Visitor: 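I'd like to ask some things about the structure below.
Please read all numbers here as calculations on a predicted model, not as lab measurements. Side-chain atoms are counted along with the backbone in the values below, which use heavy atoms only and exclude waters and symmetry mates.
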Amino acid sequence: MFHLKDGQSPNPRLCTLSVLVFHHTVVLLLLCLRLESELQLIGPRQPIVAVVGDDIILPCHLEPAMDVASTAVDWSRPDLTPRFVHVWRSGHELLGDQHPSYRGRTSVFTDRLKHGDISLKLSRVQLSDGGTYRCFIPLLHRHSTVKLVFGSVSSPGVEISKVSSGVLLVCKSTGRYVEPEVLWLDGEGDLVSAGPPETVRGPDDLYTVSSRVTVEKRHGNSFTCRVQQRNINHTTETTVHLPVSLFMFEPSTAARIIICLVVSIVPVVAVVVVVMKWGRNKKETTDHNTEYLMVGEGDKETPMTGRETIIYLDNTKAKLDEELQKTEEELKHVKQMAEKLTKQKTDLKNQTQGLNSLLQEDKAQMVECEKKLREKTKADKEVKIQKRLKTQMAVERRKKEHDELSLNTQKLLETTEQMIIEMSERKGKLERDKEQIMKHLEVTERRREEVQKKLQSEGEEEMIDAAPSDPS
């Protein structure tokens with residue numbers, strides 16, 4: 001504002017300059033007020049996942065960008081005392097009020113402050129650093145928060161198993177706060193196609209992620225499971241090297257079951273043979289005992305007294321009871337063996353059907369391989385032709401093994417059917433033996449009753465004969 005002396009007339013140029021300065025000042029103040037109302041201090045939407053020992057960055061910046069290098073910037077944690085993590089004042093760090101646990105581990109990017117980036121670098125992260133951080137610009141009254149958490153610090157684990165179509169790899173990573181991305185790479189670093197990963201979130205809000213992929217020899221023998229979190233540029237990975245033997249042909253599930261049956265049928269056959277031999281020996285003993293009993297019954301040259309006959313019949317009954325018990329036990333065992341053999345026969349028939357289906361698939365693949373080899377063009381590289389030849393050889397080898405398994409299965413089926421017939425015959429013979437022994441028991445018990453009654457009758461007659469006569 002210009003003041004005029006008495007009698008002095010105003011200078012038009014000075015008046016014009018004064019008006020312009022006032023106008024620009026008002027406009028500048030209005031722009032600053034508008035800019036201040038639009039300014040935002042932006043932090044990350046997701047928590048920052050840290051790994052112990054790493055250096056990390058806690059992002060925080062102004063939008064729109066504004067030079068804050070000459071003003072005040074504060075980083076703090078409200079849960080600490082003192083709460084200050086890092087303090088910046090007019091181009092200098094003020095560390096007097098900094099929490100002791102952060103000394104020597106914090107810094108801001110001085111060259112980025114003029115662009116409104118007040119991100120904090122935290123070195124050699126410790127577990128105690130986990131928590132919520134506050135970035136604050138006092139002059140602008142703007143603040144934001146950043147959450148720091150700790151996820152998995154270990155590499156993912158990989159499980160390996162053999163399947164009919166190749167080798168199954170299962171990668172599993174646990175203890176991650178943010179849902180990660182899982183990639184499979186071959187030995188050349190190329191992506192291997194895999195299904196979508198399975199993700200489970202636990203009660204502690206940590207994620208467990210697993211991914212599976214089936215690989216073949218054409219992919220190589222080195223594979224890497226990579227678990228990465230792009231938002232914090234954090235990656236962990238595990239590499240496995242598979243032996244060539246894993247990619248060699250392995251019998252299908254049906255074939256493995258047949259092999260198991262081959263192994264299990266051996267003890268069954270052995271048990272059946274032992275049972276049959278023991279049964280034949282026992283039957284010879286039974287026949288001998290029965291013959292002995294019958295001879296005893298008709299032996300007229302050496303008559304026995306009544307009491308000797310009772311003793312003889314009691315001994316005979318005891319032997320028959322013992323033979324009956326053994327026969328019933330063997331009969332029960334034979335029935336169990338027959339049931340197992342019948343079930344085994346059903347399983348073998350089912351596996352025969354499965355092998356027939358595999359053989360049909362083998363034939364179809366062989367036809368396809370021959371067709372591709374016939375249709376090869378000059379543009380085909382030698383490596384591609386060699387791969388087709390290897391595929392054809394693998395299919396032929398698989399078909400040969402399936403043919404052998406089918407033949408062995410048919411032989412097992414025939415052997416099982418023959419054993420079932422023998423078990424059925426043995427079962428019938430044992431049932432007849434049991435019936436014959438029970439008849440002998442009935443005859444023996446009836447004869448004993450007759451002899452007992454006779455002895456009692458003879459005893460009464462002897463008592464009458466021995467009684468004194470009447471003297472009158």
Visitor: I'd like to check R105 versus L122 (side-chain heavy atoms, cut-off strictly below 4.5 Å). Are they in contact?
Guide: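 Yes; the side chains approach each other to less than 4.5 Å.
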
Visitor: How close do S128 and R77 get, counting heavy atoms only, and between which atoms?
Guide: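 In this case the closest contact between S128 and R77 is O-NH1, 3.0 Å.
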
Visitor: Quick one: closest heavy-atom pair of I118 and W75, and the distance?
Guide: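 Of all heavy-atom pairs spanning I118 and W75, the closest is O-NE1, 2.9 Å.
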
Visitor: Please check this pair: side chain of R83 against backbone of T81, looking for a donor-acceptor N/O pair closer than 3.5 Å.
Guide: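 No: the side chain of R83 does not pair with the backbone of T81.
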
Visitor: Under a 4.0 Å N-O cut-off, is there an ion pair linking D117 with R112?
Guide: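 Counted as a salt bridge, because a side-chain N and a carboxylate O are separated by less than 4.0 Å.
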
Visitor: Tell me the closest heavy-atom pair linking E93 and S107, and the distance in Å.
Guide: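 Taking E93 first and S107 second, the nearest heavy atoms are OE2-CA, 4.2 Å.
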
Visitor: Is there a side-chain contact between V240 and S222 (heavy atoms, below 4.5 Å)?
Guide: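 Sidechains of S222 and V240: no contact.
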
Visitor: Taking E181 first and then R226, would you say they form a salt bridge - that is, a charged N and a carboxylate O separated by under 4.0 Å?
Guide: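 So E181 does not pair with R226 through a salt bridge.
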
Visitor: Closest heavy-atom contact between P59 and V146?
Guide: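 The answer is O-CG2, 3.4 Å.
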
Visitor: Flag the pair E431 and K427 as a salt bridge only when some basic side-chain nitrogen lies within less than 4.0 angstrom of an acidic carboxylate oxygen.
Guide: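 Salt bridge present between E431 and K427.
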
Visitor: What's the verdict on side chain to side chain contact (heavy atoms under 4.5 Å, CB included) for V163 and V167, showing C-alpha distance, side-chain angles and the deciding distance?
Guide: CA-CA 6 Å; V163 294; V167 179; 6.0 Å; no

Visitor: Indicate yes or no: at least one non-hydrogen side-chain atom of M66 is less than 4.5 angstrom from one of L39.
Guide: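 They are in side-chain contact.
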
Visitor: Does the N356 side chain pair with the main chain of T352, one donor and one acceptor, at a distance under 3.5 Å?
Guide: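 Yes, because the side chain of N356 sits within donor-acceptor range (under 3.5 Å) of the backbone of T352.
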
Visitor: In chain order, what residues pass the side chain to side chain donor-acceptor pair (under 3.5 Å) check against T106, with sequence neighbours excluded?
Guide: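 Side chain to side chain donor-acceptor pair (under 3.5 Å) check on T106 returns H86, Q98.
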
Visitor: Might you work through the side chain to side chain contact (heavy atoms under 4.5 Å, CB included) test for L185 and F223, ending with a clear yes or no?
Guide: CA-CA 6 Å; L185 308 173; F223 300 91; over 6 Å; no

Visitor: Between I137 and V68, does a side chain to side chain contact (heavy atoms under 4.5 Å, CB included) hold up when you go through it step by step?
Guide: CA-CA 8 Å; I137 301 178; V68 293; 4.1 Å; yes

Visitor: What is the distance from atom OG of S119 to atom CD1 of I57, rounded to the nearest 0.5 Å?
Guide: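 Result: 7.0 Å between the selected atoms.
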
Visitor: With rounding to the nearest 0.5 angstrom, report the NZ to CG distance, K162 to L168.
Guide: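 Answer rounded to 0.5 Å: 10.5 Å.
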
Visitor: Judged by modelled atom types alone, do S211 and W184 share a side-chain donor-acceptor pair under 3.5 Å?
Guide: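 Note: S211 and W184 side chains meet the donor-acceptor criterion.
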
Visitor: Mind checking the CG-OG1 spacing from L139 to T71? Nearest 0.5 Å is all I need.
Guide: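 Atom-to-atom, L139:CG and T71:OG1 are 4.5 Å apart.
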
Visitor: Please find the pair of heavy atoms, one from F109 and one from K121, that lie closest to each other, and give the distance.
Guide: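 The answer is CZ-CB, 4.0 Å.
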
Visitor: So, the side chain of S144 versus the backbone of G43: is there a donor-acceptor pair under 3.5 Å, distance only?
Guide: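 It does hold such a pair.
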
Visitor: Is the number of heavy atoms from other residues, nucleotides or ligands within 6.0 Å of CD (E159) greater than 12?
Guide: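 No, the 6.0 Å shell around CD holds no more than 12 heavy atoms from other groups.
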
Visitor: Decide salt bridge (Lys or Arg N to Asp or Glu O under 4.0 Å) for E322 and K326; before the verdict, give the C-alpha distance in whole Å, the side-chain angles of both, and the deciding distance to 0.1 Å.
Guide: CA-CA 6 Å; E322 183 181 355; K326 291 181 179 179; 3.3 Å; yes

Visitor: Under the disulfide (SG to SG under 2.5 Å) definition, can you give me all pairs with a residue in residues 47-100, not counting sequence neighbours?
Guide: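 Residue pairs passing disulfide (SG to SG under 2.5 Å), neighbours aside: C60-C135.
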
Visitor: Can you confirm whether the side chains of E442 and H440 place a donor and an acceptor under 3.5 Å from each other?
Guide: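 Their side chains do not contain a donor-acceptor pair, so the 3.5 Å distance test is not met.
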
Visitor: Going by salt bridge (Lys or Arg N to Asp or Glu O under 4.0 Å), name the residues that satisfy it together with D97, two or more places apart in sequence or in a different chain.
Guide: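 Not a single residue meets the salt bridge (Lys or Arg N to Asp or Glu O under 4.0 Å) criterion with D97.
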
Visitor: Can you check side chain to side chain contact (heavy atoms under 4.5 Å, CB included) on T342 and I420, steps first, answer last?
Guide: CA-CA 7 Å; T342 302; I420 290 175; 4.2 Å; yes

Visitor: So do the side chains of L441 and L324 get within less than 4.5 Å of each other, counting heavy atoms only?
Guide: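 Yes, close enough: below the 4.5 Å cut-off.
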
Visitor: Does the distance from a Lys or Arg side-chain N to an Asp or Glu carboxylate O, for K434 and E328, drop under 4.0 Å?
Guide: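 Judged by the 4.0 Å cut-off on N to carboxylate O distance, K434 and E328 do form a salt bridge.
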
Visitor: Quick one: OG1 on T145 to CG on L58, what's the gap to the nearest 0.5 Å?
Guide: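 Between atom OG1 of T145 and atom CG of L58 there are 11.0 Å.
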
Visitor: So, K335 and E339, do they make that salt bridge, N to O below 4.0 Å?
Guide: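 Between E339 and K335 there is no salt bridge, as every charged N stays at least 4.0 Å from the carboxylate O atoms.
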
Visitor: Measure the CD-CG distance between E237 and L183 for me, rounded to the nearest 0.5 Å.
Guide: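 Atom-to-atom, E237:CD and L183:CG are 10.0 Å apart.
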
Visitor: Are any of the side-chain heavy atoms of R426 and E330 separated by less than 4.5 Å?
Guide: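 Result yes, sub-4.5 Å side-chain heavy-atom pair found.
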
Visitor: Heavy atoms, side chains only, cut-off 4.5 Å: are L95 and V87 in contact?
Guide: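 When only atoms from C-beta onward are counted, V87 and L95 do not touch, as no gap falls below 4.5 Å.
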
Visitor: Side-chain contact, heavy-atom cut-off 4.5 Å: K429 with R432?
Guide: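 A side-chain contact under 4.5 Å exists here.
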
Visitor: Looking at every non-hydrogen atom in both residues, tell me the closest pair between H143 and F136 and how far apart they are.
Guide: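 Answer, listing the atom of H143 first, then F136: CB-CD1, 3.7 Å.
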
Visitor: Is it true that R89 and D74 make a salt bridge, defined as a side-chain N closer than 4.0 Å to a carboxylate O?
Guide: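 Counted as a salt bridge, because a side-chain N and a carboxylate O are separated by less than 4.0 Å.
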
Visitor: Ignoring hydrogens and geometry, is there a side-chain-to-backbone donor-acceptor pair from D186 to E188 under 3.5 Å?
Guide: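 Here the side-chain-to-backbone pair exists.
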
Visitor: From L412 CG over to M419 CE, what is the distance, rounded to the nearest 0.5 angstrom?
Guide: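 Going from CG on L412 over to CE on M419, the span is 10.5 Å.
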
Visitor: Could you check if a side-chain atom of E417 sits within less than 4.5 angstrom of a side-chain atom of K345, using non-hydrogen atoms only?
Guide: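 Side chain of E417 against side chain of K345, heavy atoms only: contact under 4.5 Å found.
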
